[in-house]
Amino acid sequence: MSSLVLAAPSGTGKTTLARRLVDGSEEYVFSISATTRDPREGERNGIDYHFVDQPSFAAMVERGELAEWAEVHGQLYGTPRQGLEAAAARGEHVVLDIDVQGARRLRQTLPSTKLIFILPPSIEILISRLIRRGTERPEEVARRLESALQELQAAQEFDYVVVNDDVDGCLETIRGIANGAVKAMGPEAVVRDIKAFRREILRILDEEYAEYVNMIR
Ligand code: ADP
Ligand code: 5GP
């Protein structure tokens, strides 16, 4: 069994891939984090997150119940050890959606953790996915692209870099990583792509952004 941390710039398809891995599967489970942030509409306690208040979160840290924890956007998030241990006991792979700080810490606590960074096929496709998903206004898309600049830098620290071109192909690679069939797919091979992606984002953010959005709609 493996613990798989999936990370990606927003809009790449991380949520889609994680759901496809876990839904209806007996082999893959999702790690349900604890957080101090309020639930969003439609989120359920114990399914999307364990929603807890600050003192309860502090008590979990104190008792050593979290395999890692971090502050993200002013709220606390952490991975319950118990979920990881229960999955290991059942021989299941665990999929984690945690930030880069958490990924670094988890690797120290649990060295067998596999860090998988997912890249979009191109920045143009990333933007069109963000727009088609329909959850972001154009200004928000620009803000997400700005965050992607930092996120892409972090890809260098990951063990595996996978391009989400076709969902099924990408899932097959991730399953191969989980069961050890796929070995070397480190960031070395895509360092040039990552640099080119960052340059492309800077160029797009620099130019008339609204025009670009209209062009690809
Ligand atoms: P993330 O969780 O990384 O922000 P999502 O999983 O929400 O991204 O995906 C962003 C959008 O792109 C969604 O509308 C999703 O259906 C679409 N998408 C994801 N993967 C692919 C793919 N391989 N090909 C085409 N569209 C995709
Ligand atoms: P959101 O509030 O949008 O669900 O998540 C915000 C951020 O917190 C995302 O980057 C997500 O990956 C990260 N996150 C969620 N759970 C955890 C966790 O248990 N640990 C850490 N370190 N980050 C988390």
Side-chain angles (χ1 to χ4, degrees), residues 3-23 29-52 56-57 60-61 65-84 87 94-110 113 115-136 140-141 143-145 147-148 150-152 154-155 157-158 161-174 197 216:
S3 294
L4 308 172
V5 174
L6 300 185
S10 179
T12 302
K14 178 176 71 175
T15 311
T16 307
L17 293 164
R19 285 219 183 105
R20 285 275 307 272
L21 276 175
V22 168
D23 282 355
V29 288
F30 198 70
S31 163
I32 304 167
S33 298
T35 183
T36 57
R37 86 148 160 78
D38 290 332
R40 297 188 187 122
E41 206 176 314
E43 284 184 332
R44 288 156 303 168
N45 190 27
I47 294 176
D48 300 292
Y49 278 105
H50 299 289
F51 294 101
V52 297
S56 310
F57 194 97
M60 289 171 94
V61 173
E65 289 173 12
L66 301 177
E68 63 74 35
W69 64 274
E71 188 176 328
V72 188
H73 313 312
Q75 298 290 342
L76 302 173
Y77 293 84
T79 304
R81 233 177 249 288
Q82 203 266 336
L84 301 183
V94 189
V95 179
L96 297 105
D97 174 355
I98 61 177
D99 81 328
V100 173
Q101 313 168 68
R104 287 185 191 122
R105 285 179 195 154
L106 191 65
R107 186 163 24 208
Q108 284 166 0
T109 340
L110 201 68
T113 304
L115 307 186
I116 306 177
F117 197 90
I118 304 164
L119 282 180
S122 70
I123 297 305
E124 190 177 349
I125 292 176
L126 176 69
I127 295 173
S128 67
R129 282 184 191 165
L130 273 172
I131 291 173
R132 279 204 206 107
R133 187 168 68 181
T135 49
E136 266 84 29
E140 184 61 19
V141 172
R143 212 176 61 82
R144 299 223 168 208
L145 283 180
S147 312
Q150 263 100 57
E151 287 154 1
L152 285 167
E157 295 176 43
F158 279 59
V161 178
V162 184
V163 177
N164 179 19
D165 193 343
D166 154 66
V167 174
D168 289 320
C170 193
L171 285 170
E172 204 180 306
T173 306
I174 295 173
F197 281 3
I216 57 173

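Whatever order the structure lists them in is the order used to number ligands and atoms, beginning at 1. On a predicted model such as this, the values are computed, not experimentally measured, just so you know. Position 1 is the first residue of the sequence; numbering continues from there.
Taking distance alone, with nitrogen or oxygen atoms compared against 3.5 Å, D165 approaches ligand 1 more closely than that limit. Residue-to-ligand polar distances place E68 within reach of ligand 2: an N/O pair is separated by less than 3.5 Å. An N or O contact shorter than 3.5 Å links R133 to ligand 1 by distance. For ligand 2, the polar-atom distance check against A34 finds no nitrogen or oxygen pair separated by under 3.5 Å. An N or O contact shorter than 3.5 Å links G11 to ligand 1 by distance. Here's the thing with Y77: one of its N/O atoms is less than 3.5 angstrom from an N/O atom of ligand 2.
In this structure, atom 9 (C) of ligand 2 has no protein heavy-atom contact shorter than 4.0 Å.
The structure places OG of S10 at 7.5 Å from CG of L126, a figure rounded to the nearest 0.5 Å. Separation of atoms CG (L106) and CG (L115) is listed at 8.0 Å; rounding is to 0.5 Å. To the nearest 0.5 angstrom, E43 atom CD is 4.0 Å from F51 atom CZ.
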How far apart are the C-alpha atoms of T113 and E68, what are their side-chain angles, what is the distance that settles it, and do they pass the side chain to side chain contact (heavy atoms under 4.5 Å, CB included) test?
CA-CA 12 Å; T113 304; E68 63 74 35; over 6 Å; no

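Listed by number with element, the atoms of ligand 1 under 4.0 Å from a non-hydrogen atom of V167 are 20 (N), 21 (C), 22 (C), 23 (N). Set against the non-hydrogen atoms of R40, the atoms of ligand 2 under 4.0 Å away are 1 (P), 2 (O), 3 (O), 4 (O). Applying the 4.0 Å criterion to heavy atoms of G102 picks out, from ligand 2, the atoms 22 (N). Proximity to A70 (heavy-atom distance under 4.0 Å) selects the following atoms of ligand 2: 22 (N). Atoms of ligand 1 found under 4.0 Å from any heavy atom of S10 (numbered from 1 in listed order, with element): 4 (O).
Looking at G13, C170, P121, G169, it is G13 that brings a heavy atom closest to atom 8 (O) of ligand 1. The option from V100, L66, L106, D97 that lies nearest to atom 11 (C) of ligand 2, judged by heavy atoms, is D97. Closest heavy-atom approach to atom 19 (C) of ligand 1 among the candidates L17, T15, T16: T16. Atom 19 (O) of ligand 2 has its nearest heavy-atom neighbour, among A8, S33, P80, in S33.
At least one heavy atom of R37 sits closer than 4.0 Å to an atom of ligand 2. Residue contacts with ligand 2 include Y49, since one or more of its heavy atoms lies under 4.0 Å from the ligand.
The pair E157-R107 does not count as a salt bridge, with every side-chain nitrogen at least 4.0 angstrom from each carboxylate oxygen.
Considering only non-hydrogen protein atoms, atom 7 (C) of ligand 2 sits nearest to V72 CG1, 3.7 Å. Scanning the protein heavy atoms around atom 20 (N) of ligand 1, the nearest turns out to be N164 ND2, 3.1 Å. Here the protein heavy atom with the shortest distance to atom 22 (N) of ligand 2 is D99 OD1, 2.8 Å. When only non-hydrogen protein atoms are considered, atom 22 (C) of ligand 1 lies nearest to R129 NH2, 3.2 Å.
For Q75, the CD atom is densely surrounded, since the number of other residues' heavy atoms within 6.0 Å is greater than 12.
Side-chain N or O atoms of T109 include one that pairs as donor or acceptor with a backbone N or O of A67 at under 3.5 Å.
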